[in-house]
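From a predicted model like this one, the values you see are computed outputs, not experimental measurements.
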Amino acid sequence: MIEFARNVRLWFDPEQVRQDGRTPDYRFSLANERTFLAWLRTALALIGGGFAVDQFLPDLRWAWRVGLALALLGAGVLCSLRAVNHWMRCERAMRRGEDLPASRFPAVLSIVVAVVAVAMVVVVLVGWEG
């Protein structure tokens with residue numbers, strides 16, 4: 001957790017990140033940035049899905065609707081925060097000549113999305129009104 005707090009400061013101080021190690025090949029930095037942007041697109045899709053569930057399924061039981069919407073919105077928030085943190089950690093690792101950091105987040109996000117998808121299948125098969 002302390003490392004995460006330290007990383008949050010670096011999100012807003014790119015010059016400090018640039019002072020760490022040597023400048024990597026620009027192709028790698030740009031690939032890292034494209035990956036960051038892909039994670040942000042994923043976060044926006046999850047957030048949009050959360051709002052869509054809440055707004056376009058009014059006949060769905062309140063608990064189901066709010067639960068599914070909050071799961072998607074929460075996953076979107078976590079995904080956006082993880083995107084910037086992972087981008088910064090990868091940039092620092094490349095500058096230091098270290099291995100890129102491993103992450104369990106893609107697996108966790110996949111499980112959350114799969115659980116929400118299964119819940120939506122149940123809603124479709126059982127019907128919206130309880």
Side-chain angles (χ1 to χ4, degrees):
M1 192 61 170
I2 292 171
E3 180 70 19
F4 181 78
R6 182 174 181 268
N7 288 343
V8 170
R9 285 198 326 257
L10 293 176
W11 297 354
F12 301 100
D13 192 3
E15 289 303 318
Q16 186 175 350
V17 174
R18 293 181 104 189
Q19 293 172 5
D20 198 1
R22 297 184 353 209
T23 301
D25 185 329
Y26 289 106
R27 292 174 294 178
F28 299 126
S29 289
L30 293 173
N32 189 29
E33 186 173 323
R34 284 191 301 274
T35 302
F36 164 74
L37 294 172
W39 279 105
L40 282 185
R41 285 191 300 274
T42 301
L44 287 170
L46 289 165
I47 291 167
F51 279 115
V53 165
D54 184 53
Q55 294 299 307
F56 298 121
L57 300 177
D59 296 334
L60 186 62
R61 276 186 165 175
W62 182 86
W64 274 96
R65 191 178 79 234
V66 170
L68 293 171
L70 288 177
L72 290 168
L73 291 168
V77 167
L78 290 176
C79 191
S80 66
L81 293 174
R82 182 65 181 141
V84 69
N85 191 53
H86 190 69
W87 170 83
M88 194 274 315
R89 289 175 59 216
C90 287
E91 187 68 25
R92 289 180 70 207
M94 288 188 298
R95 290 179 163 281
R96 294 176 176 175
E98 299 171 351
D99 290 338
L100 294 179
S103 176
R104 290 185 184 102
F105 185 76
V108 172
L109 181 62
S110 296
I111 290 169
V112 168
V113 170
V115 167
V116 171
V118 167
M120 290 301 296
V121 167
V122 168
V123 166
V124 168
L125 292 176
V126 173
W128 290 355
E129 294 189 45

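- Residue D99 qualifies as open at atom CG: its count of foreign heavy atoms under 6.0 Å is 12 or below.
- Residues L70 and V77 do not share a hydrophobic cluster, clusters being chains of Ile/Leu/Val/Met/Phe/Trp/Tyr side chains in contact below 4.5 Å.
- Residue V121 is found in a hydrophobic cluster whose other members, listed by chain and number, are L125; membership requires side-chain heavy atoms under 4.5 Å apart, directly or through intermediates.
- Applying the side chain to side chain donor-acceptor pair (under 3.5 Å) test to pairs two or more places apart or on separate chains, none has a residue in residues 104-123.
- Hydrophobic clustering keeps W62 apart from V53 (ILVMFWY residues linked when any side-chain heavy atoms are closer than 4.5 Å, directly or through intermediates).
- With rounding to the nearest 0.5 angstrom, the CZ atom of R89 is 12.0 Å from the CG atom of L10.
- Every residue two or more places apart in sequence or in another chain that forms a side chain to side chain donor-acceptor pair (under 3.5 Å) with R96 is listed here: D20.
- The list of salt bridge (charged side-chain N to carboxylate O under 4.0 Å, His left out) pairs with a residue in residues 67-77, not counting sequence neighbours, is empty.
- Neither V118 nor V113 shares a network with the other; the hydrophobic side chains, linked directly or stepwise wherever heavy atoms of I, L, V, M, F, W or Y lie under 4.5 Å apart, form separate groups for each.
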Name every donor-acceptor pair, under 3.5 Å, that has one atom in a side chain of residues 32-52 and the other anywhere in the protein, sequence neighbours excluded.
{"from": "N32", "atom 1": "ND2", "to": "W87", "atom 2": "O", "distance (Å)": "3.0"}
{"from": "T35", "atom 1": "OG1", "to": "A31", "atom 2": "O", "distance (Å)": "3.0"}
{"from": "T42", "atom 1": "OG1", "to": "A38", "atom 2": "O", "distance (Å)": "3.0"}

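- Looking at heavy atoms from C-beta onward, E91 lies out of side-chain contact with R18 at the 4.5 angstrom threshold.
- At least one side-chain heavy atom of C79 sits under 4.5 Å from a side-chain heavy atom of F105.
- No side-chain heavy atom of L57 sits less than 4.5 Å from a side-chain heavy atom of L68.
- Pairs engaging residues 65-82 under the side chain to side chain donor-acceptor pair (under 3.5 Å) rule: D54-R65, R82-S103 [sequence neighbours left out].
- At a threshold of 4.5 Å between side-chain heavy atoms, the hydrophobic network of Ile, Leu, Val, Met, Phe, Trp and Tyr places L72 and L109 in one connected group.
- When hydrophobic clusters are built by joining Ile, Leu, Val, Met, Phe, Trp and Tyr residues whose side-chain heavy atoms come closer than 4.5 Å, directly or via intermediates, L73 is not grouped with L78.
- Here the closest heavy-atom approach between residue V112 and residue A75 is recorded as CG1-CB, 4.0 Å.
- Listed for the R92 side chain is no donor-acceptor partner under 3.5 Å among the backbone atoms of V17.
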